[in-house]
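See below for the structure under consideration.
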Amino acid sequence: MSVIPTRRSVLRGAAVAAAVPLAGGIATGSAFASPSHAHPHKGADLGPNVLVFDPSMGDAAIQAQCDAVFAIQESNQFGDERYALAFMPGTYNVDINVGFYTHVLGLGDSPDDVLINGHVTVDAQWFDGNGTQDFWRAAENLSIAPPDGLERWAVAQAGPMRRVHVKGDMILMPSPPGNGWSSGGFLADSVVDGQVNSGSQQQWLSRNDTFGSWTGANWNMVFVGVQGAPAQSFPTPPMTTVDRTPVVREKPYLTVDRHGDYQVFVPALHRSSTGTTWAHGRTAGHGIALSRFFVAKPGDSVADINRALSRGQHLLFTPGIYNLSSTIRVTRPGTVVLGLGYTTLRSTHGNTLIEVADVSGVTVAGVLVEAASKHTPVLLKVGEGRSRRRHTEDPTVLYDVFARIGGAVAGGAGISLQIDSNDVICDHLWLWRADHGLDGTVGWTVNPADTGIVVNGDHVTAYGLFVEHYQKYEVIWNGEHGRTYFFQNENPYDVPTQSAWVNGSTKGYAAYKVGAHVRDHQAWGLGSYCFFNLNADIYTDATYEVPDTPGVVFTDLMTVCLNGAGGGGMLHCINNSGDPVQNGFAVFNMKSYSNGVAVV
């Protein structure tokens with residue numbers, strides 16, 4: 001196991017590249033690359049920031065446009081530009097560097113319908129090889145054949161890769177090997193023919209993948225329903241392996257048929273699964289013609305969106321920033337809400353951004369919800385209070401849903417995500433109170449936020465729960481029969497004094513709290529770090545707080561201290577069990593905890 005420095009160093013004040021999208025083109029300094037040559041959107045206007053390519057354009061023209069987008073987005077961590085690079089079925093000899101707020105997607109039925117003879121790369125040279133801020137970028141539904149045999153995807157949070165076929169090996173750290181750190185990633189419904197090397201990745205979740213092999217581990221690597229996963233061995237090495245995925249529906253994706261018509265394909269629910277949905281042919285599910293969607297663009301009114309939803313239309317967000325002063329209301333079963341290119345919804349008047357009624361089969365995918373007013377009680381809500389209604393056969397699913405408090409704009413929030421409905425599936429969430437960002441957007445009283453997620457519904461399942469830097473309990477789970485597969489957390493960095501961070505007589509707040517009344521809850525592969533950066537001797541009494549009852553079981557959990565001397569630390573791993581990690585780099589591992597009994 002390698003000893004890795006602080007997961008995220010302070011953002012260096014590098015200026016964001018001056019780049020302005022123009023009508024009909026992309027400006028990058030004095031060079032221009034026009035998207036007007038991209039494939040026409042038959043029957044749909046996806047806006048200027050969805051660039052659709054087909055092989056007839058020629059590789060050189062496609063490469064120029066991909067490079068132009070990357071020139072804008074490489075270091076544009078808190079900018080407003082958003083892009084989707086979409087590839088019609090065919091073969092392309094291009095290299096795609098994926099910068100911030102860039103979504104690369106294939107438009108075929110199968111990942112193998114779009115072949116990139118090249119790389120689809122996330123690296124960290126913009127940040128001196130430190131990949132721990134490689135946020136907000138995605139790739140899906142394509143195949144990658146790297147000429148040198150090595151695909152690099154050195155992401156941190158909010159960098160999902162889905163439904164991808166890598167025809168070679170893959171490495172999850174920046175170049176060259178050993179040069180930089182990376183932390184937190186999500187890979188689903190994908191095949192890597194060769195070996196996956198986790199490198200400096202500190203935690204990682206793979207779900208329903210197939211690997212030739214896997215090498216590497218630092219703090220916790222988690223595999224759920226993965227063929228070719230390493231055997232369960234936590235903590236030496238720290239591999240957490242769950243053989244089958246109990247219940248999941250893969251993320252819907254945009255496709256184009258042979259007539260050039262767009263649709264959104266919604267995969268079917270599957271249970272007790274391993275490997276990908278497309279291993280033996282076409283993914284099971286159903287398509288929805290894009291003509292049945294309200295295709296939204298920045299500036300569209302919430303009233304128009306809600307009228308469309310009430311008529312039974314679905315909702316597709318084209319890339320951009322949506323400043324919303326009222327709530328989008330999803331009330332019909334089976335509604336698909338899908339964002340392209342890191343659609344960002346900002347709450348400007350303390351309003352909830354999306355409310356999903358207690359109905360079955362809703363999809364919310366590919367959106368970044370953000371506080372842009374002094375206080376928003378809840379950014380995104382599913383359900384309408386506690387309910388006895390079950391949605392077992394057709395659950396609502398949240399995919400690649402990200403929340404941000406501070407960083408780009410100043411704002412505050414109470415709860416980022418509240419789930420009241422039963423049977424909801426969360427498939428990759430990153431809920432983030434910013435620890436760094438643009439001037440005037442970050443500080444203990446500048447971007448206040450209490451809690452990342454509150455789960456009140458029963459039978460809720462989370463795959464990939466990333467929640468960081470909130471000022472009170474970061475996760476509160478009140479529902480029964482909850483299941484979490486992978487948790488990554490950091491305590492707030494900027495606690496000014498211990499007295500500012502107490503819960504009654506308790507120092508600090510647990511990162512993950514299960515309600516005292518809960519009798520059934522299980523979680524696998526959990527990690528929480530502390531880096532109190534004001535050298536103010538800050539402590540939290542317990543990182544995980546759970547009722548001592550036989551049905552509440554935590555498996556493979558760990559704590560990490562990244563402070564120097566005088567910084568503070570975590571005094572217990574879970575409840576009153578587990579050794580402290582404090583005042584210097586330290587890792588503590590626990591194999592399991594239930595009913596007051598810890599196994600180390």
Side-chain angles (χ1 to χ4, degrees), residues 207 224-225 242 244-249 269-273 330-335 352 354-364 377-399 401 403 414-429 431 451-467 473-487 510-526 544-555 574 593-595:
R207 181 189 58 68
V224 182
V242 178
R244 291 186 172 271
T245 302
V247 57
V248 77
R249 171 163 59 86
L269 190 74
H270 50 118
R271 301 181 185 276
S272 189
S273 59
V330 181
T331 59
R332 287 177 172 260
T335 301
T352 299
I354 300 176
E355 288 186 359
V356 179
D358 187 23
V359 295
S360 294
V362 171
T363 289
V364 179
V378 181
L379 287 175
L380 194 158
K381 187 176 180 182
V382 181
E384 305 162 302
R386 295 296 299 270
S387 171
R388 294 177 180 270
R389 185 180 303 168
R390 296 295 305 276
H391 307 282
T392 309
E393 299 306 315
D394 193 11
T396 285
V397 191
L398 310 179
Y399 309 88
V401 170
I415 299 165
S416 290
L417 171 61
Q418 180 173 322
I419 298 176
D420 292 344
S421 289
N422 300 320
D423 302 293
V424 173
I425 299 171
C426 301
D427 195 48
H428 190 217
L429 307 177
L431 313 174
T451 299
I453 181 171
V454 175
V455 179
N456 295 319
D458 296 336
H459 302 277
V460 173
T461 302
Y463 304 104
L465 183 55
F466 302 73
V467 186
Y473 292 120
E474 309 213 30
V475 174
I476 300 175
W477 204 300
N478 294 320
E480 290 286 359
H481 311 291
R483 299 290 184 267
T484 294
Y485 300 86
F486 182 96
F487 174 65
Y512 192 123
K513 176 180 172 61
V514 178
H517 63 281
V518 173
R519 291 295 172 262
D520 184 276
H521 184 92
Q522 294 187 47
W524 291 261
L526 304 99
Y544 311 97
E545 183 179 321
V546 303
D548 284 333
T549 187
V552 176
V553 182
F554 275 42
T555 301
I574 185 166
Y593 182 91
S594 181
N595 203 26

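What's counted below: heavy atoms across the whole structure, side chains too, no hydrogens, waters or symmetry copies.
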Could you tell me whether a side-chain N or O of Glu480 sits under 3.5 Å from a main-chain N or O of Asp520, the two making a donor and an acceptor?
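Yes; at least one donor-acceptor contact below 3.5 Å.
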Any sub-3.5 Å donor-acceptor pair from Arg249's side-chain atoms to Pro395's backbone N or O?
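Yes, the answer is positive, given that a donor and an acceptor are paired below the 3.5 Å cut-off.
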Rounded at 0.5 Å granularity, tell me how far [atom1] in [X] sits from [atom2] in [Y].
| X | Y | atom1 | atom2 | value |
| --- | --- | --- | --- | --- |
| Glu393 | Arg271 | CD | CZ | 5.0 Å |
| Leu431 | Ile415 | CG | CD1 | 11.5 Å |
| Asp394 | Leu269 | CG | CG | 7.5 Å |
| Gln522 | His481 | CD | NE2 | 11.0 Å |

Which atom of [X] lies closest to which atom of [Y], heavy atoms considered:
| X | Y | value |
| --- | --- | --- |
| Ala511 | Phe487 | O-CZ, 4.0 Å |
| Thr396 | Ser360 | OG1-C, 4.2 Å |
| Ser594 | Pro550 | OG-O, 3.2 Å |
| Glu545 | Ala510 | CB-CB, 3.7 Å |

Taking C-beta and beyond as the side chain, do [X] and [Y] meet within less than 4.5 Å on heavy atoms?
| X | Y | answer |
| --- | --- | --- |
| Trp477 | Val518 | no |
| Ile453 | Ile419 | yes |
| Pro547 | Val514 | yes |
| Lys381 | Asp420 | yes |
| Arg386 | Asp458 | yes |
| Val248 | Arg207 | yes |

Identify, with sequence neighbours excluded, every residue that meets side chain to side chain donor-acceptor pair (under 3.5 Å) alongside Asn478.
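Asn478: side chain to side chain donor-acceptor pair (under 3.5 Å) contacts with Asn456.
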Is the Phe466 ring parallel, tilted or perpendicular to the His428 ring (thresholds 30°, 60°)?
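Phe466 vs His428 ring planes: perpendicular.
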Would you please test Ile425 and Tyr463 for side chain to side chain contact (heavy atoms under 4.5 Å, CB included) and show each step?
CA-CA 8 Å; Ile425 299 171; Tyr463 304 104; 3.9 Å; yes
Have a look at Leu417 and tell me which of Val378, Val455, Leu398, Val454 forms a side chain to side chain contact (heavy atoms under 4.5 Å, CB included) with it.
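Filter result, single survivor: Leu398.
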Residue from Val382, Val362, Val364 passing side chain to side chain contact (heavy atoms under 4.5 Å, CB included) with Ile354
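Result for side chain to side chain contact (heavy atoms under 4.5 Å, CB included) with Ile354: Val364.
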From CA spacing to verdict: ring-ring contact (aromatic ring centres under 6.0 Å, His included), Phe554, Tyr593:
CA-CA 5 Å; Phe554 275 42; Tyr593 182 91; 7.9 Å; no
So, [X] and [Y]: side-chain donor and acceptor under 3.5 Å apart, yes or no?
| X | Y | value |
| --- | --- | --- |
| Arg389 | Ser387 | no |
| His459 | Asn422 | no |
| Tyr512 | Thr484 | yes |

